[in-house]
Protein chains: 2
Amino acid sequence: MADRTQFGLSAIDSVPLHEKVYLELVRALMSGQFTPGQKLTSRKLAKELGTSDMPVRSAFMRLQALRALSPMPNGSVEVPVISADRFSQLTAVRTILEGSATELATKRINGNNLRAIRRHSSELTLAAREGDIDDYLRKNYAFKFSIYRHCGNEQMIFLIETVWMQVGPFLRNLAMGFEDDLSSILDIDYHEEVVAAIEAQDAARARAAIVRDIDEGAAHILRQARFPGARG
Amino acid sequence: MADRTQFGLSAIDSVPLHEKVYLELVRALMSGQFTPGQKLTSRKLAKELGTSDMPVRSAFMRLQALRALSPMPNGSVEVPVISADRFSQLTAVRTILEGSATELATKRINGNNLRAIRRHSSELTLAAREGDIDDYLRKNYAFKFSIYRHCGNEQMIFLIETVWMQVGPFLRNLAMGFEDDLSSILDIDYHEEVVAAIEAQDAARARAAIVRDIDEGAAHILRQARFPGARG
DNA sequence: TCTGCAATATCGCGATCACAAATCTTGACC
DNA sequence: GGTCAAGATTTGTGATCGCGATATTGCAGA
């Protein structure tokens, strides 16, 4: 953050290189910058980033521990190819975890938190109307986690994040079928219902709304997207 | 696995060193071989294992990505010190995930699977009567995962394993209060009720039994064990 | 005995090198 | 033109080295 010192100097950032590489890869993965199935090699990536391959290897280790990168038999890593089956499993886990988190959060949210959530909600609606899929996904992430953050269980948030790291890249396929008019994506988007339920302090309804949002989004992806193994 | 070849030679195992180190650390962590708060340095561990520090660093990266090791501000890692708060959060997540997994598994288990589960169950009962806490924990792990394995959702199993890596070391504290007579641990152990519910194909009851088993075990630990920050 | 401080040892981090296995390229031969 | 094997290149893996920062130790003075 380069804070100003009394001498007007900025602080040297001591963030390790492997950490920067890791964060950069997470960003790239979640924003769908890599193609599923793409092979990543430490040396090439290192050259591209201007580092040695050591920090890249560290980042690879962390990412494949979280299943955000898939290990290949020979030790290489690749961007995971998600099958329809695995996608369904991840969706099922999401409904369980995110449904529970929403339910818990609803009971703990107060006025201040609610205002921030409302802001994220309207920004999400706006993004859908504007038609930028990247912006929509970013706002979708911000909105949902602005709720989960209040579930009072840091461990649960961590697990949800790991699942998002796996599905995240694939959510881009939500765009398919909405190329002409992204705003109609709001037909399968229940985030305003979620906000309404939270305002009414109705935890069960909030959970149901989030689950429905996740399930219908996933169903749409399963209809539209091409999965490996399926005939093209 | 050192398969026999046609010349009677055993295959050179090509498992990378960093993988072996990782597996060794997982085993040591889950069996409570390390003290919470203990600092682990790559160089020392490498010397002890007879390798360079590179494979150890790789293993550290993976383990701290999964939160099985805690990163220190200077980049070192330590065996996580679990607070009462974090323990409660992990328990809450466990009831959600393992409850769901049990419910799903109950609907998919057939006669063959059931026989294996029954065997694990009786071995667990036996271990409690024999009074060896290590054996009991090992059998407890084997029994529960023999159920979860059939939930049909590989992703869920992975998440459960992640959570177990964090609580695993701490479950040893279950022994506290049962030093004289481990068999009385069966009073807060509902694994036979779980088996009965599965046999009856009653998914809801199976979930309730697992949740109760987890909750009462955790409650016992919270009563008996010493947590950092608590007066003691 | 306790406290401050300097000398020393240890450690994380990243670069570089060596080696073997895997992968790709090339070109001769059928 | 297609096949396959030899050679070249790339890649994972692990060891070693150096740098800077941190932690530890040892000692002197109060």
Side-chain angles (χ1 to χ4, degrees), chain A residues 1-3 5 7 9-26 28 34-35 37-81, chain B residues 1-3 5 9-26 34-35 37-81:
Chain A
M1 293 303 173
D3 283 318
T5 71
F7 300 111
L9 304 173
S10 30
I12 310 288
D13 80 330
S14 66
V15 180
L17 256 186
H18 67 80
E19 180 75 21
K20 291 187 194 169
V21 175
Y22 172 78
L23 293 175
E24 179 64 19
L25 285 178
V26 169
F34 294 132
T35 330
Q38 182 176 355
K39 241 190 333 188
L40 298 181
T41 72
S42 57
R43 295 230 243 257
K44 274 184 188 157
L45 207 52
K47 187 178 285 184
E48 188 167 327
L49 296 171
T51 73
S52 89
D53 58 344
M54 279 268 317
V56 180
R57 279 153 70 178
S58 293
F60 280 2
M61 281 294 166
R62 288 170 68 178
L63 287 167
Q64 71 173 285
L66 296 171
R67 302 200 170 184
L69 287 179
S70 304
M72 308 263 295
N74 65 353
S76 303
V77 298
E78 70 172 25
V79 183
V81 220
Chain B
M1 294 300 174
D3 284 318
T5 71
L9 305 173
S10 29
I12 308 289
D13 75 334
S14 66
V15 179
L17 256 187
H18 65 81
E19 179 76 20
K20 290 186 194 170
V21 175
Y22 171 78
L23 293 174
E24 180 64 18
L25 285 177
V26 169
F34 294 132
T35 330
Q38 182 176 356
K39 245 193 323 195
L40 298 181
T41 71
S42 57
R43 297 235 244 255
K44 273 184 190 158
L45 207 53
K47 188 178 287 183
E48 189 168 327
L49 296 172
T51 73
S52 89
D53 58 343
M54 279 269 318
V56 180
R57 280 152 70 180
S58 293
F60 279 2
M61 281 294 166
R62 287 170 67 178
L63 286 167
Q64 72 173 285
L66 296 171
R67 300 200 170 184
L69 287 179
S70 305
M72 309 263 296
N74 65 354
S76 303
V77 298
E78 70 172 24
V79 183
V81 222

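Order of the sequence lines sets the chain letters (A, B, ...), proteins ahead of strands, with each chain counted from 1.
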Between the CZ atom in A:R62 and the CG atom in A:L69, the distance rounded to the nearest 0.5 Å is 12.0 Å
Regarding the side chain of A:D53, the nearest nucleotide among C:dC11, D:dA23, D:dT13 is D:dT13
Rounded to the nearest Å, what distance is computed from the CE atom of residue B:M72 to the P atom of nucleotide D:dT22? 13 Å
From D:dG14, D:dA23, C:dT23, nucleotide with atom closest to B:N74 side chain: D:dA23
Provide, to the nearest angstrom, the distance between the CG atom belonging to B:L69 and the P atom belonging to C:dG12. 12 Å
Nearest to side-chain heavy atoms of A:P55, which nucleotide of C:dT23, C:dG12, C:dA15: C:dA15
Of the listed nucleotides (D:dG12, C:dC11, C:dC13), which one gets closest to any side-chain atom of B:T41? C:dC11
In whole Å, I'd like the distance from the CD atom of A:E78 to the P atom of C:dT23. 12 Å
It should be established whether A:K44 places a side-chain nitrogen or oxygen under 4.0 Å from OP1 or OP2 of nucleotide D:dT11. yes
Atom-to-atom span, CZ of B:R43 to P of D:dA23 - whole angstrom: 15 Å
What's B:S42 touching, base or sugar-phosphate or nothing? Going by heavy atoms closer than 4.0 Å. sugar-phosphate
Base of D:dG14 paired with side chain of B:R57 (donor-acceptor, under 3.5 Å): no
Can you tell me the distance, in whole Å, between the CE atom of B:M61 and the C1' atom of D:dT13? 16 Å
Rounded interatomic separation in angstrom, taking CG from A:L45 and P from D:dG12: 10 Å
Please give, in whole Å, the distance from D:dA15 P to B:L49 CG? 11 Å
At what distance, to the nearest 0.5 angstrom, does CZ of A:F60 lie from OG of B:S58? 12.5 Å
Spacing of A:T51 atom OG1 and A:L45 atom CG [to the nearest 0.5 Å]: 8.0 Å
Would you say the side chain of A:V77 lies within less than 4.5 Å of the side chain of A:L63, judging by non-hydrogen atoms? no
Interatomic spacing from CD in A:Q64 to CG in A:L66 - rounded to 0.5 Å: 10.0 Å
Rounded to 10 degrees, the angle between the two terminal axes of the helix from C:dT1-D:dA30 to C:dC30-D:dG1, each from five pairs: 10°
If you look at every strand shown and take non-hydrogen atoms under 4.0 Å, does A:S58 touch a base, only sugar-phosphate, or nothing? nothing
With nearest nucleotides of DNA chain D determined for B:G50 and B:K39 from heavy-atom distances, which residue corresponds to the more 5′ nucleotide? B:G50
Can you tell me how far the NZ atom of A:K39 sits from the NZ atom of A:K44, to the nearest 0.5 Å? 7.5 Å
Decide yes or no on side chain to side chain contact (heavy atoms under 4.5 Å, CB included) for A:M54 and B:R57, but give the supporting numbers first. CA-CA 11 Å; A:M54 279 268 317; B:R57 280 152 70 180; 3.0 Å; yes
Please report the distance, rounded to the nearest Å, between CD in B:E48 and P in C:dT10. 16 Å
Below 4.0 angstrom from OP1 or OP2 of C:dG14, is there any side-chain N or O of A:S52? no
Of the listed nucleotides (D:dG14, D:dG18, C:dA15), which one gets closest to any side-chain atom of A:M54? C:dA15
Quick check on side chain to side chain contact (heavy atoms under 4.5 Å, CB included): which of A:L40, A:V21, A:L17 does A:V56 satisfy it with? A:V21
